[in-house]
Student: 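One structure follows; several queries about it will come next.
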Amino acid sequence: MSKKEKKRKPTKLEKRFKALHFWEKHIFRVLCPYTRHGNLKKYNDGAVIIVGNHYSYMDVVYSCMVTDRPIHFIAKQELWDNGGLMAKFVTAVECIPVKRDGSDVQAIKDSMRILKAGGAINIFPEGTRNHSYKEFMPFRGGAAALSIKTQTPIIPVVKVTKTKLFKRTHVIYGDPIEFRQYYGKKVSKQQLDECDEILREAMWNMRLAFLDRHKIKINNNKM
């Protein structure tokens, strides 16, 4: 490490994420215990797209464990519009606002800029919280397209159950997923939809394999 790198002061965003990691380690794990499984590598260099299924607001904590760096979460515009503490939080950690229908050109531009600069973003492609364990909701376009356009690997993070106070849950971290066959090529909407479905199926199969291996039974109709 050069002297210049040693002298570089952390940015406000880096300090905020360092504080979040401290909170996760010393408070969150006590209140909401969980076990991590799979590929626990830290992706501290290069661009990454973290993709997870979505059961609760606490899902963001598990995504933060993929890297020690700040993560730019893609979040629904309503979190800003509704004001209050949540609006202040998403602003402080520099989330990227997006409309529910995904038709937000600025969000795509911001995400691509961050990835091309070697940063990390997080997407919950179900678009909203899933209130059933029966299946993942359809993935909305975004993750696969960004991955292909910026040639960035996707890191899947699968929550087995919803986060609950004093009840242990399990989180599975998968190996990077890439769609290299489409890099540098013009990709149709149908091909992007197919890639999103491949991603969805891969993550769902991670969950099923875990449940089968650990013989865990879950009521699909209750959360």
Side-chain angles (χ1 to χ4, degrees), residues 1-24 39-52 54 59-77 79-80 86-100 102-125 127 139-157 173-187 191-192 195-196 199 203:
M1 184 179 289
S2 67
K3 291 183 179 180
K4 184 177 181 181
E5 289 175 319
K6 288 182 179 180
K7 291 181 179 179
R8 187 183 75 83
K9 292 183 178 180
T11 64
K12 287 183 179 180
L13 186 62
E14 288 171 335
K15 290 180 179 179
R16 286 165 184 162
F17 269 84
K18 185 176 181 179
L20 287 174
H21 277 270
F22 180 89
W23 171 81
E24 181 277 334
N39 182 1
L40 304 184
K41 173 183 176 181
K42 288 280 190 176
Y43 293 87
N44 290 331
D45 297 296
V48 291
I49 299 171
I50 303 162
V51 171
H54 198 18
D59 294 338
V60 299
V61 175
Y62 310 118
S63 295
C64 286
M65 296 300 100
V66 170
T67 178
D68 294 324
R69 300 174 290 164
I71 297 172
H72 294 271
F73 290 87
I74 293 181
K76 58 186 180 181
Q77 179 65 50
L79 294 179
W80 283 266
M86 185 58 71
K88 292 181 179 179
F89 177 78
V90 294
T91 300
V93 296
E94 299 183 15
C95 291
I96 301 170
V98 66
K99 298 174 183 177
R100 277 190 180 273
S103 60
D104 196 319
V105 175
Q106 188 58 50
I108 295 172
K109 289 181 177 179
D110 290 341
S111 299
M112 291 184 67
R113 173 180 53 79
I114 291 167
L115 293 172
K116 288 181 178 180
I121 68 168
N122 179 90
I123 300 174
F124 294 118
F139 280 13
R140 303 188 182 196
L146 280 173
S147 173
I148 292 169
K149 288 179 181 178
T150 60
Q151 299 187 9
T152 301
I154 294 172
I155 311 300
V157 179
Y173 294 80
D175 293 325
I177 295 174
E178 298 182 74
F179 300 102
R180 289 181 173 271
Q181 67 271 33
Y182 294 119
Y183 285 2
K185 298 179 181 179
K186 185 176 181 180
V187 187
Q191 289 172 320
L192 290 176
C195 288
D196 279 322
L199 177 61
M203 293 174 63

Student: Do Arg113 and Asp110 have side-chain heavy atoms sitting under 4.5 Å apart?
Tutor: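 A side-chain contact exists here, since the closest heavy-atom pair is under 4.5 Å.
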
Student: Is any side-chain heavy atom of Tyr43 closer than 4.5 Å to one of Pro153?
Tutor: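 Counting from C-beta outward, Pro153 and Tyr43 never come under 4.5 Å.
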
Student: Measure from the side-chain N and O atoms of Asp196 to the backbone N and O of Phe139, and report whether any donor-acceptor pair falls under 3.5 Å.
Tutor: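 No; judged by distance alone, with no hydrogens or angles, the pair does not exist.
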
Student: For atom NZ of Lys42, decide whether the heavy atoms of other residues, nucleotides or ligands shown that lie under 6.0 angstrom number more than 12.
Tutor: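 It does: Lys42 NZ has more than 12 such atoms within range.
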
Student: Any side-chain heavy atom of Ser111 sitting closer than 4.5 Å to one from Ile49?
Tutor: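 Result no, sub-4.5 Å side-chain heavy-atom pair not found.
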
Student: Tell me, do Met112 and Ile108 make a side-chain contact under 4.5 Å, heavy atoms counted?
Tutor: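 They are in contact (side-chain heavy atoms under 4.5 Å apart), so the answer is yes.
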
Student: Can you check whether Asn122 reaches Val60 side chain to side chain, under 4.5 Å on heavy atoms?
Tutor: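 Not in contact.
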
Student: Would you indicate whether the side-chain heavy atoms of Phe89 and Leu79 approach each other to under 4.5 Å?
Tutor: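 The answer is no, as the side chains (C-beta and beyond) never meet within the 4.5 Å cut-off.
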
Student: Would you mind reporting whether Leu192 and Ile148 have side-chain heavy atoms less than 4.5 Å apart?
Tutor: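 A side-chain contact under 4.5 Å exists here.
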
Student: Under 3.5 Å, is there a donor-acceptor pair between the side chain of Arg16 and the main chain of Ala92?
Tutor: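 Looks like yes, one N/O pair under 3.5 Å.
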
Student: Going from OG on Ser147 to OH on Tyr182, what distance comes out if it is rounded to the nearest 0.5 angstrom?
Tutor: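 It is 12.0 Å, given to the nearest 0.5 Å.
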
Student: Hey, is OH on Tyr183 packed in by over 12 heavy atoms from elsewhere, all under 6.0 Å?
Tutor: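 Atom OH in Tyr183 is crowded, with more than 12 foreign heavy atoms closer than 6.0 Å.
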
